[in-house]
Number of protein chains: 2
Amino acid sequence: MTSAGAERSAVSRMSAAERRPVLIEAGLRVIAREGIAGASTRAIVAEAGMSLASFHYAFESREAFLDELTASVVARESQAVLPLPDVDGDLREVVEAGFTRYLDHLRADPAREQAMLELTQHALRAPERHPLAVAQYRRYAELAEEALITAAEHVGVTWRVPVPEVAGVLVAFSDGITLNWLVHRDDHAARVAARAAADALSRMADPR
Amino acid sequence: MTSAGAERSAVSRMSAAERRPVLIEAGLRVIAREGIAGASTRAIVAEAGMSLASFHYAFESREAFLDELTASVVARESQAVLPLPDVDGDLREVVEAGFTRYLDHLRADPAREQAMLELTQHALRAPERHPLAVAQYRRYAELAEEALITAAEHVGVTWRVPVPEVAGVLVAFSDGITLNWLVHRDDHAARVAARAAADALSRMADPR
DNA sequence: GTCTATACACCGATAGAC
DNA sequence: GTCTATCGGTGTATAGAC
C-alpha cells in the first residue's frame, strides 16, 4: 500500500509497511534482552526510535505484533541450523557434528534461543495462538527432516524409522539440550547429551 | 510465629504462616491456568479467597512469592516421578517404563508441567534468580540419579558413564519430550522419542 | 501520516480504619 | 491482625493537533 512513488527518504518518513519489519527487528532485540514480559509497546518503539502511535499504526495490537514476530523469526531460524557441516564419517558422527554446530549457534546467541522458547510458551498459553506454536515446531521439524535426509544420503544409509518421526525426536532432543544448557551453561553436559542423542538417532537408520 | 496456642478456627482467622502455603497452592493453580503473566497478586488472592492486603502480610513481594513457589513446587515434583515402575526386563525396558510413567504424569496434568517450564524461564530472566533455576534443575538431576542407580541395581548392570552425566542427559531429554508434547499433544511422537532416549541412556551402562 | 497528549485499566504495594 | 480504600506507576490503545 502507498508504495507507488514513495521515496525512501528518512526514518521519520516511513510507510506502515516499512515500519513493520523495523519494529519486528526491534521487538526481537527487546525480547532477547528482557524477555516477553519486558517487551511492552513503549519499550519496542523506544528501541526502534519511533513514537508510540506508530506502533498501532503498523500493527493492530501487541498480540498481533507478537504473532507476526513469531512467524518471521521462525522463517529466519532456517539458515542458522540447516547447512550441514561437511564432515566425513558414519551417520552418528555426521549427526553429532550437526548438534555441535547447533550448540555453537546457541553459545553465540543464547538470548535468541531463549526468546524462541519464550515465544513458544507464550503461544501455548492462549488457545487461539496454539496453532502458531504448532507451526513453529512444524517448521523446525521440516528443517530437521531436510537435514536428516541429506545426512543419510551423504553417508549412504536409509532411515528405517519414518523420517518425520526421526525429525520429531531430533527436535525434541535439541529443545531439551538447549533448555538445560541455558540453565547450567555447561558445555560438557551439552556435548554428552548431544552425543547420546546422535547415538540414538543414528540407530534409526540401516546401511543401504 | 504466633503458632503458640492458636486454634485452627476459620479461613478468616489464619496466621501469616498458615496463609503462605494456601497462597502458594492458589498461585500454582493460577499459573497453571493462566501462566505467570496472569498470576497477579490480585488474581492469586481471589483464587485463595483472601484480601489483597493478606498477600503482602504473608510475603514481602510478588517476586519473593514466586521464588518460594518455585522452590516448593520442585520439592513436590519428587513423588510424581521417583517411584520406579516395578517392571522386569533389561535396562532399556526399565528406563523406557520410567519415561512412560512420566508421560502419564504429564498427560494427567499438562498445565502443571507447563507451569514448571514457565517458572524456569522466569527465573532465567533475572540474574539474581538464575540460581533458583539452577537449584530447580539440580533437584531434577538428583531425582534422576536416584532413579538411575535404583534401575541399574534392579537389572544388575553398572553405569559406565558417570551417573551425574547420565542424569543430565535424562533430564534434558525429558524436558525436550515434554515441551514437544505440549506443542503437538502427540502421544505417539512422545513414545518414539522416549524409546530413543531410553535406548541411548541404556547404552551408557555395562553388564556387571 | 505522524506526532504529543491523554484516556482508561490494571499492576504491586501500603496507609489507615476497624 | 485483617480488612477496605487508595497511591503511584505502567500497560495498551486512541483522540486530536499539526
Side-chain angles (χ1 to χ4, degrees), chain A residues 1-24 26-27 30-31 34-69 118 122 125-126 128-129, chain B residues 1-24 26-27 30-31 33-69 122 125-126 128-129:
Chain A
M1 306 83 176
T2 76
S3 61
E7 291 180 13
R8 206 155 298 181
S9 51
V11 195
S12 54
R13 222 68 173 101
M14 295 170 75
S15 72
E18 285 173 317
R19 284 177 191 277
R20 262 199 292 272
V22 177
L23 283 166
I24 295 275
V30 173
I31 292 177
E34 313 184 36
I36 287 192
S40 65
T41 53
R42 283 180 158 90
I44 294 164
V45 296
E47 176 80 20
M50 297 182 192
S51 74
L52 181 54
S54 311
F55 184 93
H56 287 285
Y57 181 68
F59 293 98
E60 192 182 345
S61 70
R62 177 177 179 266
E63 286 306 326
F65 167 78
L66 286 177
D67 289 353
E68 190 162 324
L69 184 146
E118 282 189 42
H122 181 75
R125 267 300 158 195
E128 70 270 17
R129 275 194 298 278
Chain B
M1 303 85 178
T2 76
S3 62
E7 292 181 12
R8 205 156 298 183
S9 51
V11 195
S12 55
R13 223 66 174 104
M14 296 170 75
S15 72
E18 285 173 317
R19 282 178 193 278
R20 263 199 291 272
V22 176
L23 283 167
I24 295 275
V30 174
I31 292 177
R33 205 169 54 230
E34 313 184 37
I36 287 192
S40 65
T41 54
R42 285 178 161 86
I44 293 164
V45 295
E47 176 81 19
M50 297 181 192
S51 74
L52 181 55
S54 311
F55 184 93
H56 286 285
Y57 181 69
F59 294 97
E60 192 181 345
S61 70
R62 178 176 179 266
E63 285 306 323
F65 167 77
L66 286 178
D67 289 352
E68 189 162 325
L69 185 146
H122 181 76
R125 268 299 159 194
E128 70 271 17
R129 274 194 300 277

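This one's a predicted model, so the numbers in the text were calculated from it and none came from an experiment. Chain letters run A, B, ... following the sequence lines, proteins first, then strands; residues in each count from 1.
Take Val22(A) and apply the side chain to side chain contact (heavy atoms under 4.5 Å, CB included) test, not counting sequence neighbours, and it matches Met14(A), Ala48(A), Met50(A). For Thr41(A), the side chain to side chain contact (heavy atoms under 4.5 Å, CB included) criterion is met by Leu52(A), Phe55(A), His56(A), Arg62(A), not counting sequence neighbours. Evaluation of the side chain to side chain contact (heavy atoms under 4.5 Å, CB included) rule for Glu68(A) yields Arg20(A), Ile24(A), Phe59(A) as partners, not counting sequence neighbours. Remark: Ser54(A) engages Ser51(A) in a side-chain hydrogen bond (donor to acceptor under 3.5 Å, both in side chains) (not counting sequence neighbours). Applying the salt bridge (charged side-chain N to carboxylate O under 4.0 Å, His left out) criterion to Glu34(B), with sequence neighbours excluded, gives no partner residue.
Distance Phe59(A) CZ to dG1(C) C1': 17 Å, rounded to the nearest Å. We find that CG of Leu66(A) is positioned 15 Å from C1' of dA13(D), with the value rounded to whole Å. Rounded to whole Å, the distance from CG on Leu23(A) to C1' on dT2(C) is 14 Å. When the P atom of dC3(D) is taken as reference, atom CE of Met14(B) falls 10 Å away, rounded to whole Å.
Ser54(A) comes within 4.0 angstrom of the backbone, heavy atoms only, and of no base.
Val30(B) and Ile44(B) make their closest contact through CG2-CA, 4.3 Å (heavy atoms, listed as atom of the first residue, atom of the second, distance).
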Pairwise N/O distances under 3.5 Å, protein to nucleotides 12-18 of chain C:
from, atom 1, to, atom 2, distance (Å)
dG12(C), OP1, Thr41(B), N, 3.2
dG12(C), OP1, Arg62(B), NE, 2.9
dG12(C), OP2, Thr41(B), N, 2.9
dG12(C), OP2, Thr41(B), OG1, 2.6
dG12(C), N7, Arg42(B), NH1, 2.8
dG12(C), O6, Arg42(B), NH2, 3.1
dA13(C), OP2, Arg62(B), N, 2.9

